[in-house]
Amino acid sequence: MALLEVKNLDVRFAVRGGDLTALRGISFSLDKGERLGLVGESGAGKSVAAFSILNLIAQPGYIAGGQILFEGKDLAAMSERELRKIRGNRIAMIFQDPMMTLNPVLTIGTQMVEAILAHRNISKKEARAIALDRLQKVQIPSPEKRLDQYPHELSGGMRQRVIIAIALLLDPEIIIADEPTTALDVTIQAEIMDLLLNLCEQENVALMLITHDLGVVSQVTQRMLVMYSGRIIEQGPTREIINDAQHPYTQGLINALPQMGEPGERLFQIPGSMPSLKNVPKGCPFHPRCKFATEQCKQAMPEYVRSGNVNVACYEVANLIEQEKRMQEAES
Amino acid sequence: MTTATVSRWDRFRESFFWYSFKRDKVAIASFAVLLLMVLAAVFAPLLAPADPYDLAQINIMNSELPPVGMSGADPAFPLGTDAQGRDLLSTILYGTRVSLMIGFGAVILQAFLGILFGLLAGYLGGKVDAVLMRIADVQLSFSTLMVAIIVGAVFKASFGNLMFGEIAIYMLIFIIGVAEWPQIARTVRASVLAEKKKEYVDAAKVMGFGTRRIMFRHILPNTLSPIFVIATVQIANAIISEAALSFLGLGMPETQPSLGSLIKSGFDYIQSGSWWITLIPGLVLVVLVLVINLLGDWLRDVMNPRLYKG
Amino acid sequence: MLAFLVQRISQAFLVMFVISVIAFAIQDGLGDPLQEMVGMSVSEEEREAIREELGLNDPMVVQYLRFAGNALQGDLGNSYFYSKPTLEVIAEHLPATLELVIGASLIIVFLSVPIGVYAAIRPQAWLSKFFMGVSTVGISIPVFLTAIVLIQLFSIGVTVNWFPSDTGWGQWMNDFFTTEGGLPSYGRGDELTDLFGTWESGFFTGTGLMHLVLPSVSLASIMLPLFIRLIRAEMMEVLQSDYIRYARAKGLSAGRINFLHALKNTMLPVITVGGVQIGIMVAYTILTETVFQWPGVGLMFLEAITRSDIPLIVAYLMVVGLIFVVTNTLVDLIYGLVNPTVKLTGKKA
């Protein structure tokens, strides 16, 4: 049984004039110790998906349907009280900007110790010792001093290390990291990412990495899923998708990565832009920008088809698979 | 038939301003009440059943009559009478008129001073800025009401009671205007500092425009929109300040009372049971200030579309 | 820390200097010591001689320095009316005002924080909307009017018979809105306790406290709406921030999140605003004391104005100025200590 299984998750935003759908039919799973990447453009719904696991979507968002099974129990149906036992404890989160995430008027020590004491019945001293241990794990110099310092006294990179340390305080099963390096200086992004990766490997913690950076995804994750307009359009082993993307959108994303090429060659861009929540087109959300679009694409969202180990939602891909099957049958 | 020229009235009707006003019932109701009160005050001489300051018309036998609805009331005096027999409805109409005049007058003065000093401080910077802002800070920390009381006390002591009473209305406009300029000056200064950095100022300088022209014709129009919001609330504050000053005896005299002085003179009679002499003017004052504040709130929301309610 | 203190204290001195100059100008412009000292029948020559003797013909600067010098030694002249040193008169009246302010402040603190926080956590609850509505109206009612209404309601009493008294519910409504009155509305009462000689306190006797009720509530009533709105607005903004969401993600309890994480951030700007309100509070005490004939420095000041008791007016301004300056400096200091992002040189991190 998978550690985390999301089935048909629907998330909506209640605004004046009707609800907007942010996520539709999201399904994926995460195994123990596995590293999964969530990729997509801004606004695709990756952050919403990440936050919905612990039911932390900002108002006016709400979970409209589906299940989020963690060790068999449905998180989407849990009360706030029960969820609180899981948050920070079995499933931890890392947010994007450490300066906004740490409370400016409380010391690092307070913010670490309280996270521990919320879930364990131990003394402050013992909690402090655990905090120190984790600070050492994330390689922060002079950890003793840090506990009594305030967030603004640390550099950006150090703050994010603290956040990672907090995530590891209670030895969680899963860490959900929402763009953990985007807000950091380019020079330390790699360092922090490496640190996170190593710690997850060491402690056998499952990692759900939300990012728009395909480079990071290809290096860190074992499986990935690509989101577009609130839907997963491609999902499977990272290696396979990066090497041979099936969905036109994914292909576009990979082509858009700057490569060593001929001087004077133009960078590739997927024409158009992702629709806003109010203007989601009928059928496959990508069809206005897709060069393979047909009438079928405008009618209904395609079902998932399997290509190798990858699940893709695309009529064109489905057709190609059909053709290949027929060709093979014809030959035999 | 007609060409496509759009009149100012049409543009107004299409604007966000009007649209938002139409939708906000509180704003409409407040505006209606305010309009009613202003009109009543302006036409007070025509509307009042009696002239309360014509000694010939007052009969002491009519004193302390309660408002209609209570026993002993006289329908000729719908809101009752005060201790001298003056009709309360009339005194309130005239009183509202005085309060409104002082309110608007004081705000015009403080806006003028505030804009002038704010522009100077913001644009010229340096010592001018430092001095002006220091004065503003001290005034603000004392609270404008305190400043008004002190200035009022000094004026009353120097001019003497009688003379002060005669020019009281101008005195009060002056006092409140002078006490409250820092608020507006600060806002204008902040806007000016922000605008100064923008490119059109450099463009104007390069074209050789003088300091004064840049300040008034280029920067000023861009700093005006927050002023409107503040000015509205300041009218309410000015009315309250004037009422407070009058209540303390530093404001309008009994011969030309504002709502504040009406409340003051009526207070003496509350213990004897004639509550209406003080409380009805009080109610009118509260309603007046309330609707202005509500309009000010709405104006602030309109000018600041980022704030969504709920 | 030291640099911060020095900076604030030197600023305080500067402001006091300005205040003293203004006070002196008022005294010089309006006051005529001769009026108190000699009668009408004294000849002009004798008046001149006395003036010369008192140094009233000396240059302005010299007179000011004399004034300032005396002030620093605690001599601010004698009150015309009381024929006593002004500072003595002020000292006698000050405790009454201070107790009034303490009473009002306690009410403000103990009501505004819970109500403001509640209105921020549950903005849709009808209780929240009720409080916010009352606050909006409250801001529009000047403090002296609230005082008068309170007197009418709780001192004089109000009998209501708008509702049909022959029906059960009607009479109940009548009774609900009818008030007995009875709370004292004049002065401080007869039983005051003596604290260390000069301070007559009303906090320790029954009648003393009863007399404190209406005035303190009136004084609090004008600041309460402001603080409630302020706390609610600040807290609502704070609750939207990332670090609050992160605190939830750590699994912290709602109580800890609201009352530690959120409240601490909320109170910082409230402290700043609160400090500024002290100035306004002094003005309001004048109004409140007038309504209740409360024998504090506010009433004393007003009476001094009516009597043209210039030395007392000037002394009051100096004392009030000093109180402002000291309180503002203290508030800044407290803010600097409480807010960790402010290094105490006065600059933000």
Side-chain angles (χ1 to χ4, degrees), chain B residues 26 69 134-135 137-150 152-154 156-158 160-161 233 236-237 239-250 259-260 263-264 266-267 270-273 275 278-279 281-283 285-294 297 309-310, chain C residues 11 14-15 18-19 22-23 25-26 29-31 123-124 136-149 151-152 155-156 158 162 185-186 222 275-284 286-287 290-291 298 301-302 304-310 313 316-317 320-321 324-325 327-328:
Chain B
V26 172
R134 265 269 149 259
I135 299 178
D137 278 341
V138 171
Q139 260 192 254
L140 282 175
S141 75
F142 263 81
S143 96
T144 49
L145 188 57
M146 193 67 206
V147 172
I149 292 178
I150 295 175
V154 169
K156 190 146 203 226
S158 7
N161 278 338
V233 171
N237 281 342
I239 295 180
I240 292 190
S241 297
E242 180 278 314
L245 285 172
S246 295
F247 187 80
L248 291 175
L250 296 170
L259 290 171
I263 299 175
K264 171 189 180 30
F267 179 57
I270 201 176
Q271 298 283 353
S272 63
W275 53 267
T278 189
L279 286 180
L283 183 65
L285 179 68
V286 170
V287 169
L288 182 61
V289 172
L290 182 63
V291 295
I292 298 181
N293 271 329
L294 288 174
D297 271 352
K309 285 190 193 165
Chain C
Q11 259 182 22
L14 193 64
V15 176
V18 170
I19 295 176
I22 296 175
I26 294 176
L30 299 176
Q124 300 305 320
T136 311
V137 175
I139 289 192
S140 308
I141 307 185
V143 67
F144 61 91
L145 201 55
T146 324
I148 297 177
V149 170
I151 290 181
Q152 177 67 56
S155 184
I156 302 176
V158 148
W162 303 333
S185 63
Y186 182 91
I222 191 66
V276 172
Q277 294 307 309
I278 294 175
I280 303 192
M281 181 88 107
V282 173
Y284 288 144
I286 300 181
L287 285 164
T290 310
V291 173
F301 176 60
L302 210 60
I305 294 178
T306 330
R307 297 168 185 148
S308 286
D309 190 350
I310 309 294
I313 295 179
Y316 174 83
L317 292 178
V320 162
F324 276 134
V325 163
T327 334
N328 279 330

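Every chain is numbered from 1 and lettered A, B, ... according to where its sequence line falls, protein lines coming before strand lines.
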- Leu145(C) versus chain B, the contacting section by heavy-atom distance below 4.5 Å: side chain
- Task: Verify side-chain contact (heavy atoms from CB on, under 4.5 Å) between Leu145(B) and Tyr284(C), making sure each step is shown before the conclusion.
- Result: CA-CA 8 Å; Leu145(B) 188 57; Tyr284(C) 288 144; 3.6 Å; yes
- Item | Heavy-atom pair count under 4.5 Å with chain B, highest-scoring of Val291(C), Asn328(C), Val143(C), Val320(C) | Val291(C)
- Taking every non-hydrogen atom, the tightest pair across Leu285(B) and Pro142(C): CD2-CG, 3.7 Å
- List for me each residue that meets ring-ring contact (aromatic ring centres under 6.0 Å, His included) alongside Phe267(B), sequence neighbours excluded, and say none if there are none. none
- Item | Contacting moiety of Ile313(C), where chain B heavy atoms sit under 4.5 Å | neither
- Query: Is it the backbone or the side chain of Leu279(B) that comes under 4.5 Å from a heavy atom of chain C, or both, or neither?
  - Reply: side chain
- Query: Partners of Phe301(C) by ring-ring contact (aromatic ring centres under 6.0 Å, His included), sequence neighbours excluded?
  - Reply: Tyr316(C)
- Message: So for Leu317(C), is it side chain, backbone, both, or neither that comes closer than 4.5 Å to the heavy atoms of chain B?
- Response: side chain
- Query: Relative to chain B, which segment of Val325(C) carries a heavy atom at a distance below 4.5 Å: side chain, backbone, both, or neither?
  - Reply: neither
- Query: What part of Leu288(B) gets closer than 4.5 Å to chain C, counting heavy atoms only: side chain, backbone, both or neither?
  - Reply: neither
- Note on the structure: In short, Ile240(B) meets Ser140(C) closest at the heavy-atom pair CD1-O, 3.9 Å
- Of the listed residues (Val291(B), Asn237(B), Ile263(B), Val147(B)), which shares the most heavy-atom pairs with chain C below a 4.5 Å separation? Ile263(B)
- Proximal component of Ile148(C), with respect to chain B [non-hydrogen, under 4.5 Å]: both
- With chain B, the option among Thr290(C), Leu302(C), Val149(C), Ile286(C) that has the most non-hydrogen atom pairs under 4.5 Å is Leu302(C)
- Query: Which bit of Ala236(B) comes within less than 4.5 Å of chain C, counting heavy atoms only: side chain, backbone, both or neither?
  - Reply: neither
- Item | Side-chain heavy atoms of Asn293(B) within contact of Thr136(C), under 4.5 Å | no
- Task: Pick one of side chain, backbone, both or neither for Leu294(B), based on which atoms fall under 4.5 Å of a heavy atom in chain C.
- Result: side chain
